[in-house]
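Beneath this line is the structure, given in structure tokens, with notes to follow.
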Amino acid sequence: MTTPTPEAQSEFLRAMTERGFMHQCTDFAALDAKAVREPVTAYIGFDCTADSLHVGSLVQIMMLRWLQKTGHKPIVLMGGGTTKIGDPSGKDEARQLITVEQIQQNMAGIRSVFEKFLTFGDGPTDAVMVDNAEWLDELKYIPLLRDVGRHFSVNRMLTMDSVKTRLERDQPLSFLEFNYMILQAYDFAELARRHGCALQMGGSDQWGNIVMGADLARRMDGSEAYGLTTPLITTSGGAKMGKTAAGAIWLNEDRLSAYDYWQFWRNTGDDDVGRFLRLFTDMDLAEIARLEALDGAELNEAKKILATAATAMAHGQAAAAAAAETARQAFELGSQEADLPTADAPRDQLEAGVPAFVALNLAGLVKSNGEGRRLIKGGGARVNDKPITADDQTISLKDAGPNGAIKLSAGKKRHVLLRAV
RNA sequence: GGAGGGGUGUCCGAGUGGUUAAAGGAGACGGGCUGUAAACCCGUUGGCGUAGCCUACGUUGGUUCGAAUCCAACCCCCUCCA
């Protein structure tokens, strides 16, 4: 591994270093030279444990995007095969195995996310998506691991005399207990063969796996193989990115609305604005430097720009502009006309009037009536921007504005228009 | 295969017969201060139209007036030995 140097010659590595993507690289200078000389094919693997990706993977996605933008070819490797085993790194307990059908479904969901960020096709720098089940399944290795391998505890195997002595004598220990590593490494070798892939990228937690892969590709076929990792991106508060109230910040619309996605970025901490602009937008570095230098409350302008740019990438320009406008109306004008998220409630119920805590529940702002009551007691609930003081205060169609909807709020940031149907 | 330890709410983690809807912490939500930020302070944090009732401490049974707590069987995890 070589220390990344700021004076990269290739456009790709220059972007990586300057924008803060670079953490470790197996051979920075050689990779840099290669990237200057010719288009490099590189891949990042994604597992299929969920049907969408969230902000935690965004650094990786953006890295592929830059790769493509700077004239190289990205491969998105879906871990259809490896997901059947589960990555042990960073996990303190074994994960539940998920079904093959589930994996297929998840893969389809993830594919739709990527189409927003990369250009797919058959051209020399078009992105391609491949599934490692294509080659791993043929090995007939996975059925064995699923059925038999799960019953063996590595912890225990390591304590066995035969193994222990080998470790103590510093002799190589191969195979069964390192299945995931082996299969992942095999991916690199296979991609090098099939697609001429020369670079694997990933988060710093994947460093071990990536180095193994590059090694294997080199040994098996003498392929030119490099690895590169990004730093773990946390907020300045030290928290992992992408976890909030509702859980993860998903990248697709049906898991998280464009408006909420916009809000996520809008609420970026002061200290993170510059870093996030570099990582998560395509914006020019000079412009970012200017925005980052803004002081105090002015920094809010930079956050809005960040939010709109990031949202445009995941949800499209129009959705981003709409989210920004909705936010402006809701926060800066306090208007009810805003295009806020809506919820439906039966007309007869609303006509008769329901207690406020039930209305909050209907609007989806709280998960139970009890939570609604608590919210009201805590002073966080409002109808049409007026605080609700008693939890049995009646909400009915009389509270509806000119557009026929009742605006309910939980706290300052969460608003819903309740409509009768 | 043998011996021991353990499975508690979103998570971590106390709790070894009753006043335990279950300490404490984290997280989350709400309020205050602000700039829709951070930090800090305060409150809330199973469900039910709140009255008491219901549901909850791996699963299923049992003992008891009463069980997260005792017993049995089963499932899962861990540690040590072979």
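Order of the sequence lines fixes the chain letters, A, B, ..., with proteins taken first and strands second; residue numbering starts at 1 for each chain. Everything quoted here is computed from the prediction, not taken from an experiment.
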- Query: Looking for any heavy atom pair under 4.0 Å, which part of the strands does A:Lys303 touch: base, sugar-phosphate only, or nothing?
  - Reply: base
- Item | Whole-Å C1' distance, B:rA22 and B:rC57 | 8 Å
- Query: On a whole-Å scale, what distance lies between the C1' atoms belonging to B:rG30 and B:rG17?
  - Reply: 39 Å
- Task: Provide the distance between the two P atoms, one in B:rC70 and one in B:rG1, to the nearest whole Å.
- Result: 28 Å
- Item | Residue that, paired with A:Arg65, satisfies side chain to side chain donor-acceptor pair (under 3.5 Å) out of A:Thr119, A:Thr70, A:Asp282 | A:Asp282
- A:Gln393 CD to B:rG49 P: how many Å, rounded? 18 Å
- Message: Distance check needed: B:rA37 C1' versus A:Asp271 CG, whole Å only.
- Response: 9 Å
- Message: If I compare all heavy atoms of A:Asp131 with all of A:Leu77, which pair ends up nearest, and what's the gap?
- Response: C-CD1, 4.3 Å
- Message: For the P atoms, the ones on B:rG52 and on B:rG7, what distance do you get once it is rounded to whole angstrom?
- Response: 35 Å
- Query: To the side chain of A:Lys412, which of B:rU45, B:rC29, B:rG31 is closest?
  - Reply: B:rG31
- Task: Please tell me which of the listed nucleotides, B:rU36, B:rC29, B:rG35, lies nearest to the side chain of A:Arg266?
- Result: B:rU36
- Item | Pair of N/O donor and acceptor under 3.5 Å linking B:rU36 base with A:Gln263 side chain | yes
- Identify, with sequence neighbours excluded, every residue that meets side-chain hydrogen bond (donor to acceptor under 3.5 Å, both in side chains) alongside A:Asp187. A:Asn132, A:Trp135
- Rounded to the Å, how far apart are A:His415 NE2 and B:rU36 C1'? 9 Å
- Note on the structure: Side-chain contact check for A:Arg373: nearest option of B:rU36, B:rU50, B:rG30 is B:rU50
- Query: Of the nucleotides B:rG30, B:rG49, B:rA37, which has the atom closest to the A:Asn267 side chain?
  - Reply: B:rA37
- Task: For the residue pair A:His23 and A:Thr230, confirm or rule out a side-chain donor-acceptor distance under 3.5 Å.
- Result: no
- Query: When the distance from CZ of A:Arg328 to C1' of B:rG35 is rounded to whole Å, what number comes out?
  - Reply: 17 Å
- Message: By nearest atom, which of the nucleotides B:rG35, B:rG31, B:rG47 is closest to the A:Ser368 side chain?
- Response: B:rG47
- Check every strand shown and say whether A:Gly296 touches a base, only sugar-phosphate, or nothing at a heavy-atom separation below 4.0 Å. base
- Query: Given atom CG of A:Leu408 and atom P of B:rG30, what is their separation to the nearest angstrom?
  - Reply: 15 Å
- Geometric cation-pi criterion A:Arg373 and A:Phe357, 6.0 Å radius, 45° cone: yes
- Query: With distance as the sole criterion, is a donor-acceptor pair present between the side chains of A:Asp32 and A:Ser10 under 3.5 Å?
  - Reply: yes
- Query: Picking from B:rA37, B:rU36, B:rG49, which would you name as closest to the side chain of A:Trp262?
  - Reply: B:rU36
- Query: Of A:Asp295 and A:Asp392, whose nearest nucleotide on RNA chain B comes first from the 5' end?
  - Reply: A:Asp295
- Item | Integer angstrom distance from the P of B:rG13 to that of B:rU79 | 15 Å
- Message: On the side chain of A:Asn369, is there an atom forming a donor-acceptor pair with the base of B:rG47 - under 3.5 Å, no angle test?
- Response: no
- Verdict with reasoning, A:Lys407 to A:Asp399, per salt bridge (Lys or Arg N to Asp or Glu O under 4.0 Å): CA-CA 8 Å; A:Lys407 181 182 179 186; A:Asp399 296 298; over 6 Å; no
- Query: With rounding to whole Å, what would you report as the distance between B:rC74 and B:rC53 at their P atoms?
  - Reply: 38 Å
- Given B:rG46, B:rG35, B:rG30, the nucleotide with the shortest approach to the side chain of A:Arg374: B:rG46
- Item | Span that lies between the P atom of B:rC65 and that of B:rC12, in whole angstrom | 37 Å
- Distance, rounded to the nearest Å, where A:Asp260 contributes CG and B:rC29 contributes P: 12 Å
- OP1 or OP2 of B:rA37 under 4.0 Å from side-chain N/O of A:Lys413: yes
- Query: If you look at every strand shown and take non-hydrogen atoms under 4.0 Å, does A:Gly370 touch a base, only sugar-phosphate, or nothing?
  - Reply: base
- Query: How would RNA chain B look in dot-bracket form, 5' to 3', counting Watson-Crick and G-U wobble pairs with both distances under 3.5 Å and writing | for bases paired to another strand?
  - Reply: ((((((((.[[[..)..(.....]]]((((((.......))))))(((...)))...[[[[[..)....]]]]]))))))).
- Note on the structure: Nearest heavy-atom approach of A:Phe188 to A:Ala225 is CZ-CB, 3.8 Å
- Message: Does A:Asp254, at its CG atom, have more than 12 non-hydrogen atoms belonging to other residues, nucleotides or ligands within less than 6.0 Å?
- Response: yes
- Query: How do A:Ala297 and A:Phe357 order along RNA chain B: which one's closest nucleotide is nearer the 5' end?
  - Reply: A:Ala297
- C1' spacing across the pair B:rA67 / B:rU8, given as an integer number of angstrom: 14 Å
- Spacing between A:Ile376 atom CD1 and B:rG49 atom P, to the nearest angstrom: 12 Å
- Message: Parallel, tilted or perpendicular, judged at 30° and 60°: which one describes the rings of A:Phe280 and A:Trp265?
- Response: tilted
- Message: Over all strands shown, is A:Ala327 touching base, sugar-phosphate only, or nothing at heavy-atom distances under 4.0 angstrom?
- Response: base
- Report the distance from atom CZ of A:Arg414 to atom P of B:rU36, rounded to the nearest whole Å. 18 Å
